[in-house]
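Counting convention: from 1, in listed order, for ligands and their atoms alike. Because the structure is predicted, anything quoted here is derived from the model rather than measured.
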Amino acid sequence: MTLDVVPVDLGARSYEVRIGPGLIDAAGAQVRPFLRRRKVAVVTDETVAALHLQRLLDSFAAEGIEATALALPAGESTKGWPDFARTTEWLLEQKIERRDLVIAFGGGVIGDLAGFAAAVLRRGVRFVQIPTTLLAQVDSSVGGKTGINTAQGKNLVGAFHQPTLVLADIDVLASLPDRDFLAGYGEVVKYGLLGDAAFFEWLEAHAPRIAQDASLRQYAVRRSVEMKAGIVSRDETEEGERALLNLGHTFCHALEKATGYSERLLHGEGVAIGCALAFELSQRLGLCAQEAPSRVRAHLRAMGTKVDLKDIAGDLPDVDVLLAMMAQDKKVVDGQLRFILARGIGDAFVATDVPTEAVKALLAEALAARG
Ligand code: GLY
């Protein structure tokens, strides 16, 4: 299997996403050309540290690179002010200077938090993303969005800070629990649905085997990263096209809030349910044919991921509360809900004039189907 290299073209801040097997063991050699002195600081979480940190540290040692590591508790609750303060102060204690590199080694929580710490440390130090989950490899490690959650909501404090390099090790995905892998798949399928019908067809044919087959996995990650890289290159700060990456996310954010950001619903599961709802809403508004939402749902069912509100265990609030939660989403512009809708599979667009009644009716039916 070869290494795939996807460039993210952003002028002087351009970088590569390298995708392939064995990249953790090769990280020292991959990172070394970017170092001005042989010193890095690794930010990770305790779960990833137990499974993979020693190999990463060995790869740095093999290149004569001095590496220290901070392992934070695993989980979304780490992505807040206390661990952010702890991380920035630890980086200062490690005497990380502007010419050094911070290594974000973990899933989306670690990438977002360590990236934000790098963005503000000494007014900005460079960082490398080594994402260890499918979700982080195809989405959060690419594109430079960094940040933390606050009491007011998710990702409300942060910065655009592009990494210097992204290393996506395909082998590491084999150690993910099935549920986490499938949750990440919600973000993979999103790319086909928003802009590449041929990729969606490929996923329909091959995705049921990607958890087992490394070469299929590598292609799925590469194609997802190519799509994200293209969009980010054209619209880095989300003035337009980048909003398409939020397909399914307005529904998802409300459902995550309604379930308390808990194990009841992982982010990628919410994205899958949100994509199914966005296609259903598009069909009801006469934007796409009935076949489209049916295909989306059939594929998600075949993959075994969550598809419907009835797949979420426990109580959910009523329609009005869910709508109010959507209205708090940071994608709201001038008080108007912005949805990503679709004219068909692979043809999404930003809609700002969605009738609230249509959203309400859709959610009411989906809630009623929970019995
Ligand atoms: N995850 C959406 C974005 O990076 O824009």
Side-chain angles (χ1 to χ4, degrees), residues 6-10 13-15 17 19 76 79 104 106-116 118-119 127 129 131-149 153-163 166 168 180 183-196 220-257 261 265-275 278 326 329-333 338-342 348-350:
V6 180
V8 183
D9 296 320
L10 288 167
R13 288 170 299 108
S14 296
Y15 55 96
V17 182
I19 304 159
E76 188 76 26
K79 214 177 110 173
V109 166
I110 291 298
D112 285 8
L113 180 135
F116 185 37
F127 80 117
Q129 290 267 22
T132 57
T133 63
L134 180 59
L135 186 139
Q137 291 192 355
V138 299
D139 183 34
S140 57
S141 67
V142 181
K145 280 191 181 174
T146 71
I148 55 170
N149 307 327
K154 280 185 76 173
N155 299 323
L156 292 179
V157 174
F160 284 101
H161 185 51
Q162 298 293 342
V166 182
D180 287 328
Y185 184 75
E187 297 281 3
V188 173
V189 79
K190 179 189 83 176
Y191 291 105
L193 294 176
L194 74 87
D196 187 347
V221 173
R222 187 188 97 199
R223 184 67 200 124
S224 300
V225 170
E226 279 171 353
M227 290 204 56
K228 178 142 191 189
I231 291 172
V232 167
S233 301
R234 293 186 291 272
D235 178 23
E236 183 183 5
T237 55
E238 202 169 312
E239 303 299 318
E241 186 185 358
R242 187 164 179 166
L244 297 181
L245 296 173
N246 298 319
L247 176 62
H249 282 62
T250 304
F251 289 111
C252 169
H253 288 154
L255 294 171
E256 282 185 290
K257 199 170 169 69
Y261 303 103
L265 184 72
L266 304 179
H267 176 71
E269 294 171 339
V271 172
I273 295 174
C275 285
M326 286 185 178
D329 196 278
K330 71 177 181 306
K331 277 36 182 208
V332 171
V333 177
R338 269 201 311 171
F339 278 94
I340 312 305
L341 297 179
F349 67 98
V350 183

_Would K145 count as a polar contact of ligand 1, with the cut-off being nitrogen or oxygen pairs under 3.5 Å?_
yes
*Has ligand 1 got any nitrogen or oxygen that is less than 3.5 angstrom from a nitrogen or oxygen of D139?*
yes
*Is a side-chain N or O of T146 found less than 3.5 angstrom from the main chain of A159, in a donor-acceptor match?*
yes
*asked:* Applying the side chain to side chain donor-acceptor pair (under 3.5 Å) criterion to H267, which one of E76, H253, E256 satisfies it?
replied: E256
*asked:* Checking side chain to side chain donor-acceptor pair (under 3.5 Å) between N246 and each of K190, R338, E238, which is the one that passes?
replied: E238
_Is the ring pair F127/H161 parallel, tilted or perpendicular, if the boundaries are 30 and 60 degrees?_
parallel
*Does some non-hydrogen atom of K228 fall short of 4.0 Å from ligand 1?*
yes
*Could you list which atoms of ligand 1 come closer than 4.0 Å to a heavy atom of R242?*
3 (C), 4 (O), 5 (O)
